[in-house]
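Order of the sequence lines fixes the chain letters, A, B, ..., with proteins taken first and strands second; residue numbering starts at 1 for each chain. These numbers come from a predicted model, not from an experiment.
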Amino acid sequence: MLSKVAERVYWLARYIERVENTARLAKVHSQLMLDLPKSVKLSWYGLVQITSNEDYFALHYDSRSEQNCMKMLLSDRNNPASLISSLWWARENIRTTRDILPREAWIHINELYVMVKNHQEDFATRTKRNELLSKIIRSCQAYTGMLEGTMSHNETYRFLKLGMLIERADMTTRLIDEGGLFVAQEVFENDDESYFDAILWANLLRSINAYFMYRQQYQTEISGQEVLQFLTQDEEFARSISYCLNEMCWFMRKLPNPEPMQNALKSLQQKISAEQKLIIGSNELHNHLDWIQKELSQINRLLYSTWFNPKQVA
Amino acid sequence: MLEYLKDYPADDYFDEAVAENNTPRTAAKPLLKQFENTPFNSLQEMQSSAEVAIANMGISFTVYSDKGNIDRLWPFDVFPRTLCSQEWKQISDGLKQRLKALNRFIEDVYNERQIFQAGIMPEAIITSSKDFRPECCGMKLKHNSWASICGSDLVRDVTGKIYVLEDNLRVPSGVSYMLENRAVMKQVMPEVFNDMNILPVDQYPMQLLSMLRSLCPYKTDNPEVVVLTPGIFNSAYYEHAYLAHEMGAELVEGSDLVVLEDNCVYMRNIEGLKRVDVIYRRIDDAFLDPEVFREDSTLGVPGLMRAWKAGKVAIANAPGCGVADDKVVYAYVPDMIRFYLDEEPLIENVPTYLCSREEERNYVLEHLQELVVKPANESGGYGLLIGPKASAEEIETFRQLIQENPRNYIAQPTLNISTVPTVCDQSLEPRHVDLRPFILLGEKSYVTAGGLTRVALKKGSLVVNSSQGGGSKDTWIVVTEEEN
């Protein structure tokens, strides 16, 4: 398989996953606005922070309003990290790899792109925004399921999986960070604290469809500490970081020269599993999540030196 | 004779299907017989279902415009162009002969230059050509194959005689449309194929692959062939992807290839770097290798010329072969055939006046209203003057252009090229056509059975280029009963 083709399908999957996750992130933020009392100062700017877009925002926007934050995250075509840009890039990547993907893949993504492009103004108002975001999430899920069910699980499929998993792990770190940021800035009456914490974590879990899976695992009241454990260390939940890393190891086993990458993934996963005492809302947790993100970029670089930009004659 | 062909105006031009007195030509007889019980509206239905099939198959070409590049559907007419297999045999022999001579010429230009020493052609024609590549001097290629793939444009005049109008030797395109046209026709009128003896065209990709493999400059069991494309924004990307797919070859861009210090070409694979033996390139010379040609080219591969000159890779068509794709050089092809092959040309050139020769130039300048004037070095039907249809102003512009740069212009009589019945709103009407067969030259020669018939869909128009309102038809080489 040509390196460039592998690279394109890998990024195709990353972009689609990013579209879905960005939609989830925006949606949960809007939900929180409805559930939390007015006295809680919810910052829309948190969305900018957890997607690491502070510099871009400072350059192109003035006030940290809901409008501006949502625009930057969702419909700003000049922001390479916005939902619409990710979708555009996904479409470009699929255009040039059409011949190795099921025919419906192109049709599906093209339709999604056209739909979002024609309804961009809906991002501006809350009710329409949620409706559109839900549609986008559903469409991404249908697409992922369609590939799973109609594609040969060949090299192309493996690179799609790798892209999806690494992006998913990355987004999970950002989601936990979002929760932590809230907890850190909360100024609640003592009695209310645990009550609103539960709302916050329930919403975060819902944003990645993790609520019921979490409930089945932990029958107690929702606690930030357990959510953290569930999303980083659980070995069975499809969006936990540990699970994603394990899956990456598994999907690359049939690719050429996977051993160095597998070792790197295993060692990262062990370090994450060994972490015990991080407190929600603490600086240490934020740094830990940052560290995981950096490790994931390192994995991304390894993918390049191993498969996407080989220097050795086979 | 068909009811709706009774009033068909067959006498103005040579028509490929209908002869004088509205009788069918030999090659078209079985087809018109098949259509005897087919009313005209059934033909129109076939036309619509062909258009649906083309949309579903996603056959498109790209039109460049200010508003971005648009993929447009391929305009197609269901009434096929028919030719007799005996006539086709003579034509293909002539095309093979021609390509052989052209390749001998290119190798001669870059080596001994015998044709100039023999006084058959002035050397200045070559040294002044912008497609002459000094970097190619001294190269000898396997099977003498420089222009390994050629698309020659054929036309038929009012007397029914076939001429070669031009030879496209750089990166000729259109062959995928020939193949797709046939696939569409088989879907739209399967019965006709069942009852007629039409030569198949679909071996082309395999013939192309085996020709490309035969070019590998060294012995290896299984040469790795790749198709080099400029990328998705090129108007012929569809064809590049199609041919790569059909041949089972990788479709690569310049950035997928790398030349190492051993002068070998490798492609970047997930397994590592893999040796490439033969490159079917679909990018122009100028962009091939930024080390040698245009430095700003990001489409090419640095070091590719080095690898080619060291005999570590074959490139088809070879760099520098465009020197023979020049309308002035074209005028000398019959002489080349006599000189290199010691044979008489089997197909003639359209009579051509070279503006570089004083006597011929004077004739051209005096007869601009009757002639077609063409720049020596353009393709795609751009930059020409069609005298009988030009305004006085256009004629004056060309008069000046010719006087300023006579080497760059040739002129030919306006040909009343032949017509084929074409499905129009009310009836079948004659539309002008040409024909582009594709010729391969490697270890063996091969000519497609027919080729791409291009048709000027506008009434009275003689311009068949797809970028300028042209469409295409399927081309049927028919084995008639008389032969069997």
ask   = Atom CD in A:Gln312, atom OH in B:Tyr266: separation rounded to 0.5 Å?
value = 11.5 Å
task = Measure the spacing between OG1 of A:Thr96 and CZ of B:Phe233 and express it to the nearest 0.5 Å.
result = 9.0 Å
If you count every heavy atom of other residues, nucleotides or ligands that lies below 6.0 Å from [X] atom [atom1], does the total exceed 12?
X        : atom1 : answer
B:Lys142 : NZ    : yes
A:Asp55  : CG    : no
A:Glu131 : CD    : no
A:Gln141 : CD    : yes
A:Lys71  : NZ    : no
A:Trp106 : CH2   : yes

task = Could you please spell out the steps behind the side chain to side chain contact (heavy atoms under 4.5 Å, CB included) verdict for A:Val313 and B:Leu260?
result = CA-CA 10 Å; A:Val313 176; B:Leu260 297 187; 3.8 Å; yes
Kindly give the heavy-atom pair with the smallest separation between [X] and [Y], and that separation in Å.
X        : Y        : answer
B:Glu271 : A:Asn257 : O-ND2, 4.3 Å
B:Ile270 : A:Trp307 : O-CD1, 3.2 Å
A:Leu2   : B:Asn269 : N-OD1, 3.3 Å
A:Pro310 : B:Leu273 : O-CD2, 3.6 Å

ask   = Most heavy-atom pairs under 4.5 angstrom with chain A, which of B:Met267, B:His245, B:Glu253?
value =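 Option with the top pair count is B:Glu253.
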task = Find out whether B:Arg268 and A:Lys4 are in side-chain contact, i.e. whether some heavy atom of one side chain is under 4.5 Å from a heavy atom of the other.
result = no
task = Go through the atoms of B:Leu251 and report whether side chain, backbone, both or neither lie under 4.5 Å from a heavy atom of chain A.
result =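 Backbone only.
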message = Can you tell me which portion of A:Glu7 sits under 4.5 Å from chain B's heavy atoms? Options are side chain, backbone, both or neither.
response =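 Answer is neither: A:Glu7 stays 4.5 Å or more from chain B.
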